[in-house]
Amino acid sequence: MSEYRFTEIEKKWQAYWEEHQTFHAENDYTKPKFYALVEFPYPSGQGLHIGHPRPYTAMDIVARKRRMEGYNVLFPMGWDAFGLPTENYAIKNHIHPAIVTEQNIAHFKEQLKALGLSFDWQREVNTTDPDYFHWTQWIFIQLFKKGLAYKKEMAVNWCTSCKVVLANEEVVGGVCERCGGEVVRKVKSQWMLKITAYAQRLLDDLAQVNYLDKIKVTQTNWIGHSTGAEVDFRTTAGDVLTVYTTRPDTLFGATYMVISPEHPMLETWKERLENMDEIRAYQEKAAHKSDFERTEMAKDKTGVCLKGVRAVNPVNGKEIPIFISDYVLMSYGTGAIMAVPAHDTRDYDFAKVFDLPIIEVVKGGDIAKEAFTDCATGVMVNSGFLDGLSVEEAKVKIKAWLTENGKGHEKDNYKLRDWVFSRQRYWGEPIPMVYCEKCGWVPLPEEELPLRLPDVESYMPTDNGESPLSTLESFINTTCPHCGSPAKRETDTMPQWAGSSWYFLRYCDPTNKECLASPEALRYWMPVDWYNGGMEHTTLHLLYSRFWHKFLYDIGSVPCVEPYMRRTSHGMILGEDNQKMSKSRGNVINPDEVIAQYGADTLRLYEMFIGDFEKTAPWSPSSIRGCKRFLDRVWAMQDLLVDGDGYRDELMTEMHKTIRKVSQDIEQLKFNTAIAAMMALVNTLYAKGSVSRSEYRTLLILLNPFAPHMTEELFEQLGYGILNEQAWVTYDEALCKEDEVEIVVQVNGKLKVKLMIPHDAAEDVVLPMAKEDPKVAEALVGKTLRKQIYIQNKLVNFVAN
RNA sequence: GCCGAUGUGAUGGAAUUGGCAGACGUGAUGGACUCAAAAUCCAUUCCUGGCAACAGGGUGCGGGUUCAAGUCCCGCCAUCGGCACCA
């Protein structure tokens with residue numbers, strides 16, 4: 001027997017696959033297709049992380065199995081290459097980010113190839129390639145044309161020390177993640193995408209797709225749909241203050257109103273307000289607070305009562321005070337609420353601080369102690385025409401009353417906010433817009449795309465928080481595409497989420513110059529059949545890309561409503577100490593070293609065997625040896641080969657069962673138990689001391705998706721040809737059944753004996769047999785048999801006393 | 001606070017979805033091979049009692065349903081992840 005030289009073998013087959021372009025997906029539209037997708041990585045300077053191979057190998061296994069099942073498989077890879085770390089590295093080392101990106105990609109690609117992943121490298125995409133972001137920019141222009149991209153004054157996070165706008169993720173504990181400097185809110189004009197226009201469709205269409213339940217739940221919560229009503233309150237200023245509430249049934253219990261400190265009506269009332277100084281001071285305080293501080297302040301309710309303007313409860317004509325408080329957010333509903341302290345915990349807290357009346361309108365709790373918020377059990381009281389109704393009935397009745405009397409109407413609301421789409425950064429897609437004094441914002445003509453990034457002296461954001469592009473006169477100054485007057489370009493760039501919102505479409509037709517991908521290619525390949533990625537992308541990437549896809553569907557650019565048919569997710573790989581891997585903890589495992597020591601096949605196998613695919617799992621340097629041992633045993637099995645074709649009779653059942661188990665487990669992401677089944681089969685064959693050629697061949701095919709290099713090598717050595725060109729092995733359900741099965745006999749639920757009986761034996765055969773067993777008979781002596789339970793092929797239970 | 005998940009040997013994890021708890025792997029212990037080590041192979045390895053056959057207990061805790069519960073129901077506890085004043 002030759003030695004298992006994994007390094008040599010792996011290089012050999014990787015070269016073979018490259019030379020033969022084995023995994024290239026042809027645009028052969030007559031074959032059944034399968035589109036398997038993994039999230040394309042951000043090519044960081046650190047190279048591949050040990051966590052990357054887990055989802056990649058998983059989908060590689062599925063892709064390899066599907067090819068053997070006769071599908072035309074698209075399994076592509078690319079680079080989500082715009083982003084801050086590259087830009088920061090470029091700033092620090094005075095290298096152009098494009099060069100850094102190129103180097104990183106080369107490194108990543110080499111590492112991915114060393115894992116033997118069956119990607120179609122002819123379809124590689126790169127979000128920083130002008131031929132790619134041409135279409136990212138094109139999509140933005142279409143969004144603008146349909147009114148879904150707009151500019152808005154927005155509060156952003158501003159690091160007072162770095163003088164830079166920070167993403168929310170960069171603000172940790174109220175300070176700048178990098179320098180620890182104070183972060184304040186600063187108002188800037190930002191491009192926004194109107195994802196909220198698609199909120200209901202994003203919610204409804206979840207019913208059409210096969211996502212893990214927890215993913216659907218998270219998206220549903222993020223979209224945050226609620227049903228309620230808008231209610232109009234007249235004010236003593238003679239105008240109308242509209243609130244949104246999910247509990248219109250409690251309208252009789254509204255004893256005051258609260259509006260956000262940023263509410264625009266404060267300006268219209270300013271002549272009448274007697275305590276404007278106090279109001280201004282409160283507004284000032286709220287504006288300077290970061291989100292973090294606002295949350296901190298949540299413990300104690302603060303606010304200011306408006307003097308000079310009061311509101312009138314439409315249902316009973318009572319005059320009630322209006323407050324400003326930062327517990328009411330301008331960005332949700334109407335920025336104003338009716339406060340019902342008896343039935344809302346926040347209003348209750350506020351009422352206690354300001355000593356406001358608390359009127360019970362739903363009976364069932366103890367409002368002397370706390371707010372009663374239960375909608376299911378309460379009965380309406382102190383509510384005029386609503387008295388005696390249930391909460392649900394009252395909601396219906398009051399909504400009808402509001403509509404009839406012109407005091408309000410039913411209304412739905414969403415927590416989902418529009419997408420802040422501007423970044424004051426260099427390394428991103430330039431936003432292809434021009435500002436003209438006469439025409440306003442005008443998109444670049446499509447034939448001028450792509451709008452490339454100009455070379456700049458410095459990639460540093462400017463002192464005032466503008467993009468580095470803003471310092472470049474030659475870039476900024478242009479003419480209006482509409483009227484030809486001098487105009488200025490937008491200098492902000494797009495967020496990293498832009499390029500990743502449609503990359504799966506480009507894979508279908510990656511070099512198309514006329515459109516983002518040809519209709520034929522999209523009709524054939526889309527939707528993605530199976531998309532695996534991290535849970536951390538559930539609310540951002542996954543939602544953003546669904547939004548763009550629906551928009552592209554609406555303008556006729558894609559053929560399907562949803563981009564991904566099935567979405568699964570994997571758990572993170574932790575360090576040996578069960579902590580997240582990080583340089584500072586010193587628990588980082590380098591995949592290159594693992595490959596050098598054990599080989600890529602062992603690494604792949606171990607990452608799949610490490611535990612439940614969906615859960616996090618700690619890396620174990622000793623456990624990986626078990627996988628290496630298993631491969632060694634499979635390799636050494638060539639010495640156990642005996643002549644003769646077919647599976648031997650005594651192994652027939654186990655062979656068929658193993659094929660079934662592995663085939664089914666792969667589909668359900670249960671790679672760990674699939675591997676366990678193959679290990680068990682190998683143990684059986686070793687115990688037997690021999691393996692037939694057919695048995696070995698089947699084992700190699702089953703193992704191939706997991707350990708492609710070694711199995712190809714053995715397959716070739718055995719004279720079977722090229723493994724990945726073979727058909728996946730099949731099983732016969734009838735042959736998965738043993739002739740005889742072992743059943744358990746219990747007396748009063750306690751195991752007494754195990755019996756071998758014919759498969760599917762009838763009750764009237766088994767029960768007498770079980771009763772005759774000496775141990776069972778002994779246990780039943782002197783007792784009356786009350787009940788006998790027989791579960792076919794499983795167990796007998798005698799209940800007696 | 002809200003939403004979601006998880007809790008099984010020394011350890012990573014299995015358990016046909018209500019039917020033998022601990023598959024498969026790691027580690028450990030003993031043995032074989034070896035001058036020796038590594039590698040490999042064999043055996044044992046949930047706990048308690050017993051030389052043993054065997055008996056009893058056991059899936060975070062407390063109840064319940066059932067002939068039968070890791071699995072279902074009710075109430076707690078702990079850990080992890082996400083959201084966080086969303087009216």
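Please read these numbers as outputs of a predicted model, since none were measured by experiment. Lettering follows sequence order; numbering is per chain, from 1.
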Donor-acceptor pair under 3.5 Å, Lys787(A) side chain vs C67(B) base: no
Any donor-acceptor pair under 3.5 Å from Glu607(A) side chain to Arg54(A) backbone: yes
Within 90° of 0 counts as syn, otherwise anti: where does G9(B) fall? syn
OP1 or OP2 of U16(B) under 4.0 Å from side-chain N/O of Arg660(A): no
With a non-hydrogen cut-off below 4.0 angstrom, is Gln788(A) in contact with a base, only sugar-phosphate, or nothing? nothing
Ignoring the backbone of Thr673(A), work out which of C24(B), A14(B), G19(B) is nearest its side chain. A14(B)
For U6(B), measure the glycosidic angle (O4'-C1'-N9-C4 for a purine, O4'-C1'-N1-C2 for a pyrimidine) and name it syn if it falls within 90° of 0, otherwise anti. anti
Answer whether the closest heavy-atom distance between the side chains of Val745(A) and Asp773(A) falls below 4.5 Å. no
For Leu640(A) and U40(B), give me the distance from atom CG to atom C1', rounded to whole Å. 13 Å
Using the C1' atom as the reference point in each nucleotide, state the distance between G13(B) and G7(B) in Å, no decimals. 13 Å
Between Arg633(A) (CZ) and A39(B) (C1'), how many Å, whole number? 14 Å
Please pick, from G19(B), G4(B), C20(B), the nucleotide with the shortest atom-to-atom distance to any side-chain atom of Leu795(A). G19(B)
With a 3.5 angstrom cut-off on both distances, give the Watson-Crick or G-U wobble partner of C85(B), or none if there isn't one. none
Using the P atom in both, what is the distance from G75(B) to A5(B), to the nearest Å? 16 Å
Does Asp739(A) CG have over 12 foreign heavy atoms under 6.0 Å away? no
Which is true for Asn683(A) with a 4.0 Å heavy-atom rule: it touches a base, it touches only sugar-phosphate, or it touches nothing? sugar-phosphate
Partner of Tyr606(A) under ring-ring contact (aromatic ring centres under 6.0 Å, His included), chosen from Phe630(A), Trp619(A), Phe671(A): Trp619(A)
Strand partner of G56(B), provided both Watson-Crick or wobble distances fall under 3.5 Å: C47(B)
d(CG, Leu681(A); P, A23(B)) in whole Å: 18 Å
For nucleotides U59(B) and A15(B), find the distance between their C1' atoms and express it as a whole number of Å. 11 Å
Would you say NZ of Lys771(A) has more than 12 non-hydrogen atoms from neighbouring residues, nucleotides or ligands within 6.0 angstrom? yes
Value in whole Å for how far the P atom of G81(B) lies from CE of Met572(A): 8 Å
For A32(B) versus C24(B), give the span between their C1' atoms, rounded off to a whole number of Å. 25 Å
Any strand: nucleotide that pairs with C61(B) via Watson-Crick or wobble, under 3.5 Å: G75(B)
Where the side chain of Val217(A) is defined as all heavy atoms beyond and including C-beta, which of C67(B), C3(B), U6(B) is the nearest nucleotide? C3(B)
Which part of the nucleic acid, if any, lies within reach of Thr246(A) when heavy atoms closer than 4.0 Å are counted: base, sugar-phosphate only, or nothing? sugar-phosphate
Between U6(B) and C73(B), how far is it from one P atom to the other, in whole Å? 13 Å
Which part of the nucleic acid, if any, lies within contact of Arg786(A), taking any heavy atom under 4.0 Å across all strands shown: a base, the sugar-phosphate backbone alone, or nothing? nothing
Pairing check on U11(B): which nucleotide meets the Watson-Crick or G-U wobble criteria with it, both distances under 3.5 Å? G25(B)
Could you tell me whether Lys395(A) and Glu392(A) have a side-chain N and a carboxylate O separated by less than 4.0 Å? yes
Just say parallel, tilted or perpendicular for the rings of Tyr544(A) and Trp419(A), cut-offs at 30° and 60°. parallel
Could you report the tightest heavy-atom contact between Thr302(A) and Phe350(A), atom names first, then the distance? O-CE1, 3.4 Å
Roughly, in whole Å, what's the span from CG in Leu574(A) to P in U79(B)? 17 Å
Could you check whether Leu751(A) gets within reach of a base, just the sugar-phosphate, or nothing at all, counting any heavy atom under 4.0 Å? nothing
Between C74(B) and G82(B), how far is it from one C1' atom to the other, in whole Å? 27 Å
Scan Asn748(A) against the nucleic acid and name what it touches under 4.0 Å (heavy atoms): base, sugar-phosphate only, or nothing. nothing
Does Ser325(A) reach a base, just sugar-phosphate, or nothing at all? Heavy atoms under 4.0 Å. nothing
How would you label the contact of Asp612(A) with the nucleic acid (heavy atoms, under 4.0 Å): base, sugar-phosphate, or nothing? sugar-phosphate
When you measure only distances, ignoring hydrogens and angles, does the side chain of Lys794(A) come within 3.5 Å of the base of C20(B) through a donor and an acceptor? no
Would you call Arg660(A) and Glu667(A) a salt bridge, taking side-chain N to carboxylate O under 4.0 Å as the test? no
Nearest to the side chain of Pro618(A), which nucleotide is it out of C24(B), G13(B), G4(B)? G13(B)
If only side-chain N and O atoms of Ser226(A) are considered, is one of them under 4.0 Å from the OP1 or OP2 phosphate oxygen of A87(B)? yes
Among C67(B), C20(B), C85(B), the nucleotide that comes nearest once only the side chain of Ile789(A) is considered: C67(B)
Does any nucleotide pair with A39(B) by Watson-Crick or G-U wobble geometry, both distances under 3.5 Å, and what is it? none
Which of the following nucleotides, A14(B), C24(B), C20(B), is nearest to the side chain of Asn672(A)? A14(B)
Among the nucleotides C83(B), A87(B), C67(B), which one has an atom lying closest to any side-chain atom of Val328(A)? A87(B)
For Thr218(A), which contact category applies under a 4.0 Å heavy-atom criterion: base, sugar-phosphate, or nothing? nothing
Tell me whether the side-chain N/O atoms of Tyr244(A) come closer than 4.0 Å to OP1 or OP2 in A87(B). no
Closest of A23(B), G4(B), A15(B) to the Lys670(A) side chain is A15(B)
Using a heavy-atom cut-off of 4.0 Å across all strands, would you classify Lys750(A) as base, sugar-phosphate, or nothing? sugar-phosphate
Describe the nucleic acid contact of Lys657(A) in one word from base, sugar-phosphate, nothing, applying a heavy-atom distance below 4.0 Å. nothing
Using whole Å, what does the distance between atom P of nucleotide C67(B) and atom CG of Asn797(A) come to? 10 Å
Calculate the interatomic distance between Arg629(A) atom CZ and A38(B) atom C1'; express it in whole Å. 12 Å
Using a strict 4.0 Å threshold on nitrogen-to-oxygen distance, state whether Asp213(A) and Lys216(A) make a salt bridge. no
Looking at G12(B), A14(B), C67(B), which one has an atom nearest to any side-chain atom of Phe609(A)? G12(B)
Which whole number of Å gives the distance between the P atom of G9(B) and that of G64(B)? 24 Å
In whole Å, I'd like the distance from the CG atom of Leu755(A) to the P atom of C20(B). 15 Å
Separation between the P atoms of C61(B) and U45(B), rounded to whole Å: 25 Å
Return the pairing partner of G19(B) with a 3.5 Å limit on both distances, Watson-Crick or G-U wobble; otherwise return none. C67(B)
